[in-house]
Amino acid sequence: MAGGRPFRPSAPRRAAFAALLTLLLLASLAFLLSSGPPAASSRSSSASSPPSRLAAIRRHAADHAAVLAAYAAHARKLKEASAAQSLSFSALSSDLSALSSRLASRGPLPEDARRPLEKEARERIKHARLLAADSKEGFDTQSKIQKLSDTVFAVGEQLARSRRAGRMSSRIAAGSTPKSLHCLAMRLLEARLAKPSAFADDPDPSPAFEDPSLYHYAIFSDNVLAVSVVIASATRAAADPSRHVFHVVTAPMYLPAFRVWFARRPPPLGVHVQLIAYSDFLFLNASFSPVFRQIEAGKRDVTLVDYLRFYLPDMFPALQRVVLLEDDVVVQKDLAALWHVDLDGKVNGAVEMCFGGFRRYRKYLNFTQAIVRDRFSPSACAWEYGVNVFDLEAWRRDGCTELFHQYMELNVDGALWDPTSVLPAGLMTFYGNTKPLDKSWHVMGLGYNPSISPEIIRGAAVIHFNGNMKPWLDVAFNQYKALWTKHVDTEMEFLTLCNFGL
């Protein structure tokens, strides 16, 4: 502006300005050209919309037609079955009426003529009784309601357990088949619901269950197949099976399944088996047990049956010694000698599993907590559950259940040990009160270690499939699986129905 002349842009600026205008014009033109196809596309979509809706309606109609056809087929089958049942009822009723008339129209008969008539009458009456019993459920509304209620309850419990299992899926190896175990329990339950009169709800207890002179085992489990293998293997290995008593404690919802299994396959060779739900022990409640309190308060996500082992003296007050067996073991030798092992006044007899610096207390307990540091040595050797000899009199004397309760209260927030594992609670409760057993009593690791020597396995009284690769799962080690499957009752029809790969 010096000298009063107006400002005029230089040539480079004019060129830049012109280029900018050109770009704006080209952008506008491109927008106008591109706006046409979407409109056309929209029109095309609108034009094709009615045929799409018609196709969807046709699919829905076809689907509903298929459903109704299936219902119609089912209704025809029910009608045919009902018609056949009606014919059976009518024919048998006519036969019985005719037989009754024949018997009423005749006077005294000689012995040789009376006996055939009596036999015929008894056979017809027996047939009628069986037919009425088999058909009762179809006409008994209350029975139907109860069966439906039981099934709904069982399915609800299964769903709750599946949710818990999902939250703890890291503890289950990939490729496992837990659905087969659930299927087996449900099939057994269905068998009981189909013929409830064939299975006693509360069988009379055997005097052997409280006889301290016999050999008593406790098994806490919801897995009926695994428990059957434990009992079958121990029975076959026993020199005198009639002296062995197995106390199987399970959840109330699984008790009927256990009863059906052992009713169809009674324990062989005189062995005694007691089947009982933990709900039958009335003292097990939230006012007595912190485990129950914490579970009810939502502070524990654990399998309750795993913690029942801490109540052995209260469950079996008449007994002096009990051997605890896990449900993933196989017994290979007679265990009678365990009742004569000298525990030196201690409560627990168990096989230690530490070697070098491994599997010591520091692995299982949180030694940053003062109470753990003050009471336990981090280098103390850990033992394993699987085969444990418990002196119940020494247990009562030393108040081990009360001590367990104290530790459970202190670990309410999971600060002392991982609350999903039951072993740390045992290591604390029986610290200084455990007698090491000879390692041949209990060989561990068949569920995680593929390198256990055959000689060690052959020399073991009990082999333990601890770890994720359980023998009833698809991921089990092939070299060990036959040690377990040879004790499975493969003739039980439910196993094939539930896709067990045995």
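Keep in mind that what you see is a predicted model, and the values were worked out from it rather than measured.
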Inset, instruction - Count the heavy atoms belonging to other residues, nucleotides or ligands that lie under 6.0 Å from CD of E352, then report whether that count exceeds 12. - result: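 Yes, enclosed.
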Legend entry - CZ (F358) with more than 12 external heavy atoms under 6.0 Å: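 Atom CZ in F358 is not packed in, count stays at 12 or less.
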Any donor and acceptor pair, going by atom type alone, linking the side chain of [X] with main-chain N or O of [Y] inside 3.5 Å?
| X | Y | result |
| --- | --- | --- |
| N366 | A415 | yes |
| D327 | A226 | no |
| K435 | D342 | yes |

Inset, instruction - Among L338, V331, V351, find the residue that satisfies the side chain to side chain contact (heavy atoms under 4.5 Å, CB included) test when tested with V387. - result: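 Option passing the side chain to side chain contact (heavy atoms under 4.5 Å, CB included) with V387: L338.
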Legend entry - ring-ring contact (aromatic ring centres under 6.0 Å, His included) partners of Y215, counting only residues at least two apart: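 For Y215, the residues satisfying ring-ring contact (aromatic ring centres under 6.0 Å, His included) (neighbours in sequence not counted) are H244, W339.
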Legend entry - Residues N223 and S221: side-chain donor-acceptor under 3.5 angstrom: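 Distance-only check fails for N223 and S221.
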Legend entry - Side chains of S289 and Y307, donor plus acceptor under 3.5 Å: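 Looking only at side-chain atoms, Y307 and S289 do not form any donor-acceptor pair under 3.5 Å.
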Side-chain touch [X]/[Y], heavy atoms, less than 4.5 angstrom:
| X | Y | answer |
| --- | --- | --- |
| M469 | Y480 | no |
| Y431 | L403 | no |
| L446 | L483 | yes |
| S228 | R265 | no |

Inset, instruction - Kindly assign one of parallel, tilted or perpendicular to the pair F281 and F316, based on the angle between their ring planes and the thresholds 30° and 60°. - result: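 F281 and F316: perpendicular rings.
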Inset, instruction - With sequence neighbours excluded, tell me which residues meet side chain to side chain contact (heavy atoms under 4.5 Å, CB included) with L423. - result: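 With neighbours one apart ignored, the set is M353, Y364, W383, E384, Y385, S421, L427.
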Legend entry - Working for salt bridge (charged side-chain N to carboxylate O under 4.0 Å, His left out), residues E455 and R458: CA-CA 5 Å; E455 292 77 14; R458 281 195 295 270; 3.6 Å; yes
